[in-house]
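All residue numbers in this chain count up from 1 along the given sequence.
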Amino acid sequence: MTASIGPSGEAVALWSTPGDLAAVRSTTTQPGWATFPDPRAPRAVAARVSVHAPDATVTTRIARLPVAHPHVQPLPDGRTLIVGARSRWRPDGPDRNAIVYDADGTPVIEQTLGDGIEHVATTRRGEIWVGYFDEGVFGNYGWGDEKSGQPLGEYGLNRFSAGLTRTWHFPSPVDQAWGPISDCYALNVAEETVWTCYYTDFPLVRIRDGELTGRHNDVRGAKALAVGDSRVAFYGGHRGEHDRLAVGVLDAERVHVTGEYRLVQPDGQDLPEATRVVGRGPDLHFLLDDDWLRLAVEDLPAEGAR
């Protein structure tokens with residue numbers, strides 16, 4: 001179904017049978033208009049979670065998984081967090097699109113983390129960082145009207161406890177100088193430091209102990225980023241730039257791009273557009289098919305372009 005990278009650099013994957021895959025990826029096409037992902041699966045499916053570091057170390061069976069378009073992350077004590085990307089506000093309240101499972105695969109907590117979820121990343125202490133795309137910020141699926149109030153993702157980035165209680169949100173523009181998050185394009189969560197790059201102006205913003213430090217940035221549309229010491233790498237971009245890698249150095253005020261590259265697989269083949277790319281600290285991880293590739297900022301050329 002999906003895969004991601006945990007706080008210790010481990011890969012975590014969520015699996016189903018081929019027959020169940022359509023349920024967790026279900027969509028609805030409105031007459032004569034667009035196709036939208038469903039906020040809930042039409043039926044619960046059986047699933048498994050595997051953790052790899054890099055060899056498989058843990059496998060957890062889940063008897064009934066009800067969410068659609070899931071994100072998966074590990075939590076302390078062998079628990080697993082699974083979050084559906086969408087949540088509809090209904091007359092009796094919003095969909096609970098976040099579920100914590102214990103080491104035996106039993107659900108122990110269910111809660112709502114909001115709609116329009118683009119990124120989910122946990123820390124070793126069990127903190128949960130959630131980044132939202134524009135529909136989660138401005139409202140859709142019943143969020144943002146008089147009944148529901150402001151969307152839970154209105155600030156673009158939230159931090160939740162392991163018990164799924166919100167403990168912090170990105171400050172409003174009144175309280176900081178880097179503008180609001182309209183769409184959280186890229187998010188990198190290390191243990192003590194979080195980096196984000198977001199629409200509309202794409203500043204590179206560091207969050208540490210709840211305080212923001214920003215730098216101006218000319219790289220637009222990156223979907224993942226990695227930061228090591230004073231160097232940064234941005235992966236992806238707008239149409240036609242899905243395999244772009246922009247490398248830069250940081251000073252106190254700005255990102256200075258030192259090189260741009262087209263990234264390919266080790267055998268020279270193109271990276272598919274569907275490749276899942278996750279930044280964790282100084283590393284970019286690439287998850288495609290059965291392969292897990294890692295690229296460290298320190299391994300990148302200091303300058304140049306090709």
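Atoms CZ and CH2, on Arg215 and Trp178 in that order, are 8.5 Å from each other to the nearest 0.5 Å. Between Leu157 atom CG and His119 atom NE2 the span is 9.5 Å, to the nearest 0.5 Å. Distance CZ/Arg166 to OG1/Thr112: 12.0 Å, rounded to 0.5 Å. To the nearest 0.5 Å, the span separating CG on Asp209 from CD1 on Ile207 amounts to 11.5 Å. In this structure, CZ in Arg262 is found 8.5 Å from CG in Leu271, a value given to the nearest 0.5 Å.
Judged by distance alone, the side chain of Glu191 and the main-chain N or O of Arg124 form a donor-acceptor pair under 3.5 Å. Asp201 contributes no side-chain N or O that, together with a main-chain N or O of Pro203, makes up a donor-acceptor pair within less than 3.5 Å.
A salt bridge does not link Arg79 with Asp102: none of the charged nitrogens is closer than 4.0 Å to a carboxylate oxygen. Using a 4.0 Å cut-off between charged side-chain N and carboxylate O, Arg254 and Asp218 make a salt bridge.
Summarising the geometry of Gly221 relative to Arg244, their closest heavy-atom pair is C-NH2, 4.5 Å, with the distance given to 0.1 Å. Listed here is the closest heavy atom pair of Pro94 and Ser87: CB-OG, 4.0 Å. Shown here for Asn140 and Phe36, the closest heavy-atom pair between the two residues is ND2-CE2, 4.2 Å. The minimum heavy-atom distance linking Asp270 with Gln265 is given by the pair O-NE2, 2.8 Å. The shortest heavy-atom contact between Arg206 and Thr193 is CG-CG2, 3.3 Å. Across Tyr155 and Ile181, no two heavy atoms sit closer than the pair O-CB, 3.7 Å.
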Verdict with supporting geometry, Leu204 and Val219, side chain to side chain contact (heavy atoms under 4.5 Å, CB included): CA-CA 9 Å; Leu204 178 65; Val219 179; over 6 Å; no
Applying side-chain hydrogen bond (donor to acceptor under 3.5 Å, both in side chains), run through His52 and Ser50 and close with a yes or a no. CA-CA 7 Å; His52 310 258; Ser50 61; 2.8 Å; yes
Starting from the C-alpha separation in whole Å, work towards a yes-or-no answer on side chain to side chain contact (heavy atoms under 4.5 Å, CB included) for Leu225 and Tyr235. CA-CA 6 Å; Leu225 64 92; Tyr235 179 79; over 6 Å; no
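By the 6.0 Å contact criterion, CH2 on Trp15 is open, its count of non-hydrogen atoms from other residues, nucleotides or ligands being 12 or less. Residue Asp291 places its CG atom among more than 12 non-hydrogen atoms of other residues, nucleotides or ligands, all under 6.0 Å distant. In Asp229, the CG atom is not crowded: 12 or fewer heavy atoms of neighbouring residues, nucleotides or ligands sit closer than 6.0 Å. Open room surrounds CG on Asp290; 12 or fewer heavy atoms of other groups in view lie less than 6.0 Å from it. Annotation for Gln30: atom CD counts as buried by contact number, over 12 foreign heavy atoms lying within 6.0 Å.
Follow the hydrophobic side-chain contacts under 4.5 Å out from Val67 and you reach Leu21 in the same cluster. Cluster membership check: Val120 does not share its hydrophobic cluster with Leu65, using side-chain heavy-atom separations under 4.5 Å among Ile, Leu, Val, Met, Phe, Trp and Tyr. Residues Val297 and Leu284 do not share a hydrophobic cluster, clusters being chains of Ile/Leu/Val/Met/Phe/Trp/Tyr side chains in contact below 4.5 Å. By the criterion of side-chain heavy atoms lying less than 4.5 angstrom apart, applied directly or through intervening Ile, Leu, Val, Met, Phe, Trp or Tyr residues, Phe133 is not grouped with Tyr198; the two fall into different hydrophobic clusters. Hydrophobic cluster membership differs between Val100 and Val49, with clusters built from Ile, Leu, Val, Met, Phe, Trp and Tyr side chains linked at under 4.5 angstrom.
Tested against Arg86, the residues Asp38, Asn97, Asp95, Asp115 include a single side-chain hydrogen bond (donor to acceptor under 3.5 Å, both in side chains) partner, Asp115. Under the salt bridge (Lys or Arg N to Asp or Glu O under 4.0 Å) test applied with Asp20, the options Arg64, Arg43, Arg48 reduce to a single match, Arg43. A side-chain contact (heavy atoms from CB on, under 4.5 Å) with Ile109 is found for exactly one of Leu81, Leu75, Leu164, namely Leu164.
Membership of the apolar cluster around Tyr185 extends to Tyr199, Phe202, as traced through chained side-chain contacts below 4.5 Å between ILVMFWY residues.
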